[in-house]
Colleague: 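Supplied in structure tokens, the structure appears directly below.
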2 protein chains.
Amino acid sequence: MEPLTERQQQVLNYVSSCLDQNSCPPTLREISEHIGTAGTVTAMRHLEALEKKGYVQRREGSRGIALTNRPNIPVPLPVVGTVRAGAPEPAIEDISGYVSVDPSWIKGTGCFFLQVKGDSMIEAGILDGDLALIQPQPIADNGQIVVAMIDGEATLKHFYREEDHVRLEPRNRNMASIIVSEAEGFTIIGKLLKTVRNYS
Amino acid sequence: MEPLTERQQQVLNYVSSCLDQNSCPPTLREISEHIGTAGTVTAMRHLEALEKKGYVQRREGSRGIALTNRPNIPVPLPVVGTVRAGAPEPAIEDISGYVSVDPSWIKGTGCFFLQVKGDSMIEAGILDGDLALIQPQPIADNGQIVVAMIDGEATLKHFYREEDHVRLEPRNRNMASIIVSEAEGFTIIGKLLKTVRNYS
DNA sequence: CTTTTTAGCTATCAAATGATACCCATATCA
DNA sequence: TGATATGGGTATCATTTGATAGCTAAAAAG
């Protein structure tokens, strides 16, 4: 990454500290005041330089500053107990909390944690109560574990596309595979990225 | 915490998602537009309610919204493939990377991730390659899963103290328990807090 | 039956804010 | 020598933005 001038570094640091303290980027005038310059032009120039060098991304509107390179700052993801049919992202009222995870864990946007219910995947090492990190997506590859919506219930299953139907395979010798023909009240919510289990 | 009305939840969630996506809280009008109301009053009322109930803190100035119970302190933990005998904390040269986790996940200090090797706990849903979050401590309670040092090898086992010896029990019907009398080249590294598995 | 809470509306204002135009000085680089 | 990047300034403008006043309505609580 291109090196910064002292002044640019100062601005970048200030933006960063604002985000840490207020979870809100500063205004041009706040930056100006902090680095001791009058007007807003200078601050804006520094931001332009920071953007050109790739340290910052700017949006339209007030306080439209975002840092591009915040490595390893955990991303808070919602934890839900249930998933609603048709909804690509978790319903607001279902969110029971937030868990921050390493950004390297997630892919794309809209990831969330789903609390696993039942023993259908017990032989794949996924137990009742585990947290499943889900990346929302409407399709899946063969063999992947997906969250699928069947009869208004969200379940974790292995996904296999076969001829004219889809087979959702549990990993529990007491349970049978579920065969669904596509587009009949069946949706893939997303695919499984990680599972987390809590002890103690 | 006081329960929220549906509308208030909706606002809170929107603020939260804005912070996730833009690292910047929304304006009153952005909130209004999102919840489908005209003007700015209604959004402000909801924010007032959210503040009164303690979900939100407001500052002066534009976009002066901050979530109160937002996990924000990043806790980077080392990931190791092996553990050395005698060492309470992972040796520097064994660290293969860092993963940041939610502060609520860890207890005490010195926690680290250990990459699980082998199938000895497969029936407890802990598979080869899983990451085990370990809290270092020299003792354990009966039934807990611990990382124990046996013959220079770190292994994950159920811990049982029995009469004059300690039994380390795998969860794999092809493996037998290990009986060790204490203080003979046997150490407990720490106890298992969480396991994480990666898919894809 | 009144009060409180929740939820909404229109309209308006002063302050905050990003953006722009135009200007200056210094250093580096071609 | 002239172009380019850096760093700074004043002034101005159109929007954005938070805030307030005044109004309505339904539901719950007392």
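These numbers come from the heavy atoms of this one structure, side chains and all, not from hydrogens, waters or symmetry mates. In what follows, chains are A, B, ... by sequence order, proteins preceding strands, each numbered from 1.
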Colleague: C:dT6 C1' sits how many Å from B:Q10 CD, rounded?
Modeller: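 That distance rounds to 14 Å.
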
Colleague: Nearest whole Å is fine: how far is D:dT6 P from A:L12 CG?
Modeller: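 Rounding to the nearest Å, CG of A:L12 and P of D:dT6 are 15 Å apart.
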
Colleague: Could you give me the CA-CA distance, side-chain angles and deciding distance for A:Y98 and B:S16, then say whether side-chain hydrogen bond (donor to acceptor under 3.5 Å, both in side chains) is met?
Modeller: CA-CA 10 Å; A:Y98 283 85; B:S16 181; 3.3 Å; yes

Colleague: Send over the distance from B:Q8 CD to C:dA7 C1', rounded to a whole Å.
Modeller: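 Interatomic distance, CD of B:Q8 to C1' of C:dA7: 10 Å.
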
Colleague: Kindly say if A:H46 contacts the phosphate of D:dG7, meaning a side-chain N or O under 4.0 Å from OP1 or OP2.
Modeller: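 Yes, such a contact exists.
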
Colleague: Pick from B:T42, B:I31, B:L4: which one makes a side-chain contact (heavy atoms from CB on, under 4.5 Å) with B:V11?
Modeller: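 With B:V11 as partner, side-chain contact (heavy atoms from CB on, under 4.5 Å) holds for just one option, B:I31.
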
Colleague: Mind running side-chain contact (heavy atoms from CB on, under 4.5 Å) on A:Y160 and A:L168 for me, showing each step along the way?
Modeller: CA-CA 6 Å; A:Y160 296 96; A:L168 298 171; over 6 Å; no

Colleague: Mind calculating the distance between CD1 (A:I35) and P (D:dG7) to the nearest angstrom?
Modeller: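 Computing the A:I35:CD1 to D:dG7:P distance gives 9 Å.
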
Colleague: If a protein heavy atom is under 4.0 Å from the base, mark B; if only from the sugar-phosphate, S; if neither, -; do that for nucleotides 11-30 of chain D going 5' to 3'.
Modeller: ------BBBBB---------

Colleague: Picking from D:dG9, D:dG7, C:dT10, which would you name as closest to the side chain of A:T37?
Modeller: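 Selected nucleotide (nearest to the side chain): D:dG9.
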
Colleague: Write down the distance between NE2 (A:H34) and C1' (D:dG7), rounded to a whole number of angstrom.
Modeller: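 That distance rounds to 18 Å.
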
Colleague: Between A:E6 (CD) and C:dA27 (C1'), how many Å, whole number?
Modeller: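 Those two atoms, CD and C1', are 16 Å apart.
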
Colleague: Could you tell me, to 10°, how much the axis swings from one end of the helix from C:dC1-D:dG30 to C:dA30-D:dT1 to the other, five pairs per end?
Modeller: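 Inter-axis angle at the termini of the helix from C:dC1-D:dG30 to C:dA30-D:dT1: 30°.
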
Colleague: Can you confirm whether B:E33 is buried at CD, in the sense that more than 12 heavy atoms of other residues, nucleotides or ligands lie under 6.0 Å from that atom?
Modeller: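 No.
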
Colleague: Between B:W105 and A:W105, how do the two ring planes meet: parallel, tilted or perpendicular, split at 30° and 60°?
Modeller: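 Judged by the thresholds at 30° and 60°, the geometry between B:W105 and A:W105 is tilted.
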
Colleague: Could you walk me through whether A:I145 and A:K157 pass the side-chain contact (heavy atoms from CB on, under 4.5 Å) test, one step at a time?
Modeller: CA-CA 5 Å; A:I145 301 179; A:K157 294 279 183 300; over 6 Å; no

Colleague: Considering residues at least two apart in sequence or located in another chain, which fulfil the side-chain contact (heavy atoms from CB on, under 4.5 Å) criterion with B:Q137?
Modeller: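 B:Q137: side-chain contact (heavy atoms from CB on, under 4.5 Å) contacts with B:Q135, B:Q144, B:K191.
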
Colleague: Given the rule in the side-chain contact (heavy atoms from CB on, under 4.5 Å) test, do A:I134 and A:L193 qualify, once you have shown the distances and angles that lead to the verdict?
Modeller: CA-CA 6 Å; A:I134 306 297; A:L193 292 183; over 6 Å; no

Colleague: Measuring from B:L50:CG to B:Q57:CD, what's the distance to the nearest 0.5 Å?
Modeller: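 Atom-to-atom, B:L50:CG and B:Q57:CD are 12.5 Å apart.
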
